[in-house]
Engineer: 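Dropping a structure here in C-alpha cells format, bear with me for questions.
Predicted model only: the values in this text are computed from it and were never measured.
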Amino acid sequence: MQLSEQELVRREKLVKLRALGINPYPADLFPVDHTSKQIKENFEEGKKVTIAGRLMVINIQGKASFGQLQDSEGRIQVYFNRDEICPGDDKSLYNDVFKKLLDLGDFVGIEGELFTTKVGEKTVMVKQFKLLSKALKPLPIPKQKDGKTYDAFTDPELRYRQRYADLVVNPHVKNVFIKRTKLFTAMRDFFNNAGYFEVETPVLQPIPGGAAARPFITHHNSLDIPLYMRIANELYLKRLIVGGFDGVYEFSKNFRNEGMDKTHNPEFTAMEIYVSYKDYNWMMDFCERLLEHCATAVNGTTEATFGEHKINFKAPYARVTMADSIKHFTGFDITGKTEAEIRQAAKDMHIEVDDTMGKGKLIDEIFGEKCEGNYIQPTFITDYPKEMSPLCKEHRDNPELTERFELMVCGKEIANAYSELNDPIDQRERFEHQLKLAAKGDDEATEFIDHDFLRALEYGMPPTSGMGIGMDRLIMFLTNNQSIQEVLFFPQMRPEKKKIEMSEEEKAIAAILKTNSPIDLNELKAQSGLSNKKWDKSIKGLTAKGIAKVVKNDDGLFVEIA
RNA sequence: GACUAGUUAGCUCAGUUGGCAGAGCAUCUCCCUUUUAAGGAGAGGGUCCUGGGUUCGAGCCCCAGACUGGUCACCA
C-alpha cells in the first residue's frame, strides 16, 4: 500500500509517542462528564469539566494554542496554555506532545476549567489532556467562517464510500440520520400508543410474496433449497392477523434485485401495518394523523420543504379517486370503458402501450403519465383497478375496482394501503390470474402462488386494513434530500476496484527471477522478451513493489529477488 | 440500458495553441501566551482514473475500458 507523505508523518509520530511512554490507543475508560452542548447550555465560569472528542481545529500561537474539540453533539473551543499544562520546568508535554505529536482528527480527553475569552468565546482551559486514539489518516476537514463552508468534502462517491469520514466532517449529514431515527421512533410511538404490536417476520422466504419484484435468491445448504430475500413482508403480517393479533406492524428491510437510481436502492426499508376490523377509509384517517405526528416529531412543524416545493403534512389530506383524477387531467372518463377503448385513449394521449397490457395496467399507465406528477401536497388517490392489486379487496360499489389508496407527495408514492382481501377463494383466483398475466409477458405480475398463505386465509382472516410506507422516501421528504443515497448510511455502491497486484509482464519476470536470482539485467530482459517500453515499466513496477531489486557491482547490473 | 458531465497533491479546484505540474487549505521547519477561515517566513508533497494510439513531445488530441454524478428508460 502506498502511503502519502502525511500518512507516513503520522505513523512516525506514533513511534515517537510510544518512545515517550504514551500509548496512542489506551484501553482504560476516560471519565467524560460533559458534552460540548452541555457546556454551552450550562456555562459557568470556572467550572471543572472532563470532555473527550476529536481535535478538529488546532491553532498554535507560540506558548498558547486554541483548538476545537468535536464530540457527538458539536464542537467546543479548547485552550492549551503551556504553563497551565506544564506547571514545572519541563515543558515537553506542551512543546513536544501537544505541538508536534497531535494531529487534526486525533481523539483526546481533556480535563479543564471553563472560561470566556476576550472575544467572548466559551472555552475550556485545558489543565490535563490525554491522547485517546491517534488518527493515521487526515480527515477532509473543511474551513468555516460566518456559517459559510470552504473546501467542503462534497465528492458524492467519496462521501458514500467513506460515510464515516462524511459524518465526521459534515454535520448536516449527521442531522439527516438523527432525523431518520426520530422518524422511526415517532412512528413506533404512534403505533404503540394505538395499541399495535411490533413483530418480526422472516427475511429469508421460500416464496417471495407480497409484491411484484425480482428477488435476490440464495441457497440454504442444510435444507438444500433455494431461499429468497424478502421483497415484502405483507403475507406474513396477514398470517399474524389470522393468528389473532388486532394490529401488527414491522419495519422491514426489503430487497429487490432491480435497477438503482436516486429513489431506488437494492435494499430499502418499508413499514407495514395491518389492523383488523378496519377498512381503507379508516386507514386514510389513521395515515394522515400518523404523518402529521411524525412530521412534527422530526421537524417540529408539519411543514416541509422539498426542492422547490413547500409541503404540509397537516391532516386532513385531499382524497381523489383514480377515475376522477384521470378525468380531471386528461378529460377522459374511464368509467364503463372497455379495454380496447382505454387502449385507444392511451394511444391518443401518446402513451406507449402494447398488447400485453390489461385494462388495469393501461389505466395505471395513463395515471402515471398524466396525473401522478401533479400531486404536490399529500393526496390520497383511491380505488385502483382490480388487475393491479391482487391482494386487495374488491370495491364495495364497483367490482372492477379495489379498495386501495396510495398517498402521493410531490408526485411520488409514499404509502399504499388496502382493505385487505380476505376471501380465500377470490385470493386464489387472483393469484392464478397473476400467473396468466406473467405467462402473457407482464413482468410485474407475480409468478408464485403462496399456498400456505391461502391456507391461512382459509382458516379465516377478519376484515383488515393494511398499509405500507416507504420509509426512505418519507425521510427524503422530511429532510429535503433528492437522493435516497443521502438518507441511507451505506448506499449500495459498485465495489471499489482493487489495484491489480502484478501485471502479466511483471508476473513473467518474477517467475524467471524465482528460478534464477540474481540474474544479469540484460539477460533477464532478453529472457522476458519484452519491448523496451514494457520492460522498463515492468521492472520499475517490480522494484517499486519491493519484489525485485537492481544491484550494480563490478561485473555489471544484476536483478535479484528483494 | 441510452445520453451527458466529470476523474489532476490528503481536501476543494485551476491548468492557455500539445512544450519543465499549479493555487488555497492541510502537512513539515522556524517565529508568535486570548485566537477563531489567526498571522508572518520558508519547505516538501503527483500512477494527472486505467490501457492503447497519434506525436520529436500528451494532463490536454484519438480509441477502448473503469468508477461517479445528472437526465431519460426500466423498476412501486
Engineer: Measuring only the C1' atom in each nucleotide, how far is rA14(B) from rU4(B)? A whole number of Å is fine.
Structural biologist: 23 Å
Engineer: Between rG59(B) and rG19(B), how far apart are the P atoms? Round to whole Å, please.
Structural biologist: 10 Å
Engineer: Is there a donor and acceptor pair closer than 3.5 Å between the side chain of Gln77(A) and the base of rU35(B)?
Structural biologist: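 It does, because a donor-acceptor pair links the side chain of Gln77(A) to the base of rU35(B) below 3.5 Å.
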Engineer: So Lys262(A), base contact, sugar-phosphate only, or nothing? Heavy-atom distance under 4.0 Å.
Structural biologist: sugar-phosphate
Engineer: In whole Å, what separates the P atom of rA73(B) from that of rU16(B)?
Structural biologist: 37 Å
Engineer: Whole angstroms only, please: what is the CG-P distance between Asn257(A) and rC74(B)?
Structural biologist: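 The answer, rounded to whole Å, is 19 Å.
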Engineer: Quick one: does Thr117(A)'s side chain have a donor or acceptor within less than 3.5 Å of a partner on Glu121(A)'s backbone?
Structural biologist: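 Yes; at least one donor-acceptor contact below 3.5 Å.
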Engineer: Is a side-chain donor-acceptor pair under 3.5 Å present for Thr116(A) with Glu45(A)?
Structural biologist: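 Checked: Glu45(A)/Thr116(A) side chains pair up, N/O donor to acceptor below 3.5 Å.
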Engineer: Keeping the roles fixed (side chain from Arg82(A), backbone from Gly62(A)), state whether a donor-acceptor pair exists under 3.5 Å.
Structural biologist: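 No; zero donor-acceptor contacts below 3.5 Å.
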Engineer: Going 5' to 3' through nucleotides 2-7 of chain B, assign each nucleotide B (protein heavy atom under 4.0 Å from a base atom), S (under 4.0 Å only from sugar-phosphate atoms) or - (no protein heavy atom that close).
Structural biologist: ------
Engineer: When you measure only distances, ignoring hydrogens and angles, does the side chain of Thr117(A) come within 3.5 Å of the base of rU35(B) through a donor and an acceptor?
Structural biologist: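 Result: at least one qualifying N/O pair found.
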Engineer: Going by atom types only, do Asn481(A) and Ser483(A) share a side-chain donor-acceptor pair under 3.5 Å?
Structural biologist: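 No, no side-chain donor-acceptor pair sits under 3.5 Å.
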Engineer: Does the structure show a Watson-Crick or G-U wobble partner for rC32(B), both distances under 3.5 Å? Name it, or say none.
Structural biologist: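 None - no nucleotide pairs with rC32(B), as no candidate has both distances under 3.5 Å.
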Engineer: Calculate the interatomic distance between Arg256(A) atom CZ and rC75(B) atom P; express it in whole Å.
Structural biologist: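 Between P of rC75(B) and CZ of Arg256(A): 13 Å.
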Engineer: By side-chain contact (heavy atoms from CB on, under 4.5 Å), which residues pair with Leu8(A), not counting sequence neighbours?
Structural biologist: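 So Leu8(A) forms a side-chain contact (heavy atoms from CB on, under 4.5 Å) with Leu3(A).
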Engineer: When you check every protein heavy atom under 4.0 Å of nucleotides 24-32 of chain B, what one-letter string (B, S, -) results, 5' to 3'?
Structural biologist: BSBSSSS-B
Engineer: Apply side-chain contact (heavy atoms from CB on, under 4.5 Å) to Glu258(A) and list each qualifying residue two or more places apart in sequence or on a separate chain.
Structural biologist: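 By the side-chain contact (heavy atoms from CB on, under 4.5 Å) rule, Glu258(A) matches Ala213(A), Arg214(A), Arg256(A).
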Engineer: For Val57(A) and for Leu158(A), locate the closest nucleotide of RNA chain B by heavy-atom distance; then report the residue assigned to the nucleotide nearer the 5' terminus.
Structural biologist: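 Checking each residue's closest nucleotide, the 5'-ward one belongs to Leu158(A).
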Engineer: Is there a donor N/O on one and an acceptor N/O on the other, under 3.5 Å, for the side chain of Asn81(A) and the base of rU33(B)?
Structural biologist: yes
Engineer: Sequence neighbours left out, what passes side-chain contact (heavy atoms from CB on, under 4.5 Å) with Val57(A)? Give chain and number order.
Structural biologist: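 side-chain contact (heavy atoms from CB on, under 4.5 Å) check on Val57(A) returns Gln68(A), Arg75(A).
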Engineer: To the nearest angstrom, how far is Phe66(A) atom CZ from rU34(B) atom P?
Structural biologist: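 From Phe66(A) CZ to rU34(B) P: 7 Å.
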Engineer: Please give, in whole Å, the distance from rC67(B) P to Asp155(A) CG?
Structural biologist: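 The distance from CG of Asp155(A) to P of rC67(B) comes to 16 Å, rounded to the nearest Å.
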Engineer: Which whole number of Å gives the distance between the C1' atom of rA21(B) and that of rG44(B)?
Structural biologist: 15 Å
Engineer: For rA64(B), what is the paired nucleotide under Watson-Crick or G-U wobble rules, both distances under 3.5 Å?
Structural biologist: rU50(B)
Engineer: Using the C1' atom as the reference point in each nucleotide, state the distance between rA26(B) and rC11(B) in Å, no decimals.
Structural biologist: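 The answer is 8 Å between these two C1' atoms.
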Engineer: Return the pairing partner of rG45(B) with a 3.5 Å limit on both distances, Watson-Crick or G-U wobble; otherwise return none.
Structural biologist: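 Its partner is none (no Watson-Crick or G-U wobble pair with both distances under 3.5 Å).
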Engineer: In whole angstroms, how far is the P atom of rC67(B) from the CZ atom of Arg161(A)?
Structural biologist: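 Between P of rC67(B) and CZ of Arg161(A): 9 Å.
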Engineer: Checking all strands, does Thr263(A) fall into the base, sugar-phosphate, or nothing category for heavy-atom contacts under 4.0 angstrom?
Structural biologist: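 The answer is nothing, as Thr263(A) stays clear of every strand by at least 4.0 Å.
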Engineer: Between rG18(B) and rC61(B), how far apart are the P atoms? Round to whole Å, please.
Structural biologist: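 Taking atom P in both rC61(B) and rG18(B), they lie 8 Å apart.
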Engineer: Which nucleotide in the list rC67(B), rU33(B), rU36(B) gets nearest to the side chain of Arg494(A)?
Structural biologist: rC67(B)
Engineer: Touch check for Gln482(A), heavy atoms < 4.0 angstrom, all strands: base, sugar-phosphate only, or nothing?
Structural biologist: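 No contact at all - Gln482(A) keeps every heavy atom at 4.0 Å or more from the nucleic acid.
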Engineer: Does rG70(B) have a Watson-Crick or wobble partner in any strand here, with both distances under 3.5 angstrom, and which is it?
Structural biologist: rC3(B)
Engineer: Considering only the P atoms, how many Å lie between rA58(B) and rU54(B), rounded to the nearest integer?
Structural biologist: 11 Å
Engineer: Which residues pass the side-chain hydrogen bond (donor to acceptor under 3.5 Å, both in side chains) test with Tyr228(A), not counting sequence neighbours?
Structural biologist: none
Engineer: Once you round it to whole Å, what is the distance between C1' of rU34(B) and CD of Glu84(A)?
Structural biologist: 12 Å
Engineer: Using both distances under 3.5 Å as the test, list the Watson-Crick or G-U wobble partner of rA21(B), or none.
Structural biologist: none
Engineer: Both distances under 3.5 Å, Watson-Crick or G-U wobble: report the partner of rA26(B), or none.
Structural biologist: none
Engineer: So do Gln205(A) and Ile231(A) actually touch side chain to side chain, heavy atoms under 4.5 Å?
Structural biologist: no
Engineer: Heavy-atom nearest nucleotide on RNA chain B for Tyr160(A) versus Gly259(A): which residue maps closer to 5'?
Structural biologist: Tyr160(A)
Engineer: Rounded to whole Å, please give me the gap between CD in Glu365(A) and C1' in rC74(B).
Structural biologist: 11 Å
Engineer: With side chains defined as the heavy atoms from C-beta onward, is the minimum distance between Val320(A) and Tyr375(A) less than 4.5 Å?
Structural biologist: yes
Engineer: Please report, rounded to the nearest Å, how far the C1' atom of rU36(B) is from the OH atom of Tyr150(A).
Structural biologist: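 So the OH-C1' distance, Tyr150(A) to rU36(B), works out to 13 Å.
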Engineer: Need one value for Arg159(A): base, sugar-phosphate or nothing, where a base atom within 4.0 Å counts as base even if backbone is also close, heavy atoms only.
Structural biologist: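 No contact.
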Engineer: Could you tell me which nucleotide pairs with rA38(B) by Watson-Crick or G-U wobble geometry, both distances under 3.5 Å, or answer none if nothing does?
Structural biologist: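 Paired with rA38(B), as far as the under-3.5 Å criterion goes, is no nucleotide at all.
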Engineer: Decide yes or no, distance alone: a donor-acceptor N/O pair under 3.5 angstrom between the base of rC75(B) and the side-chain of Asp261(A).
Structural biologist: no
Engineer: Among residues at least two apart in sequence or on other chains, which ones pass side-chain contact (heavy atoms from CB on, under 4.5 Å) with Lys386(A)?
Structural biologist: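 Expected list: Glu394(A), Thr402(A), Arg430(A).
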Engineer: Determine which nucleotide pairs with rG59(B), using a 3.5 Å limit on both distances of a Watson-Crick or G-U wobble pair.
Structural biologist: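 Pairing partner: none.
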Engineer: Go through the structure and list residues passing salt bridge (charged side-chain N to carboxylate O under 4.0 Å, His left out) with Lys16(A), not counting sequence neighbours.
Structural biologist: none
Engineer: When you compare rU68(B) with rA41(B), how far apart are their C1' atoms, in angstrom units rounded to a whole number?
Structural biologist: 41 Å
Engineer: What residues, two or more places apart in sequence or in another chain, satisfy salt bridge (charged side-chain N to carboxylate O under 4.0 Å, His left out) together with Arg54(A)?
Structural biologist: none
Engineer: Out of rU35(B), rC67(B), rC75(B), which nucleotide sits closest to the side chain of His264(A)?
Structural biologist: rC75(B)
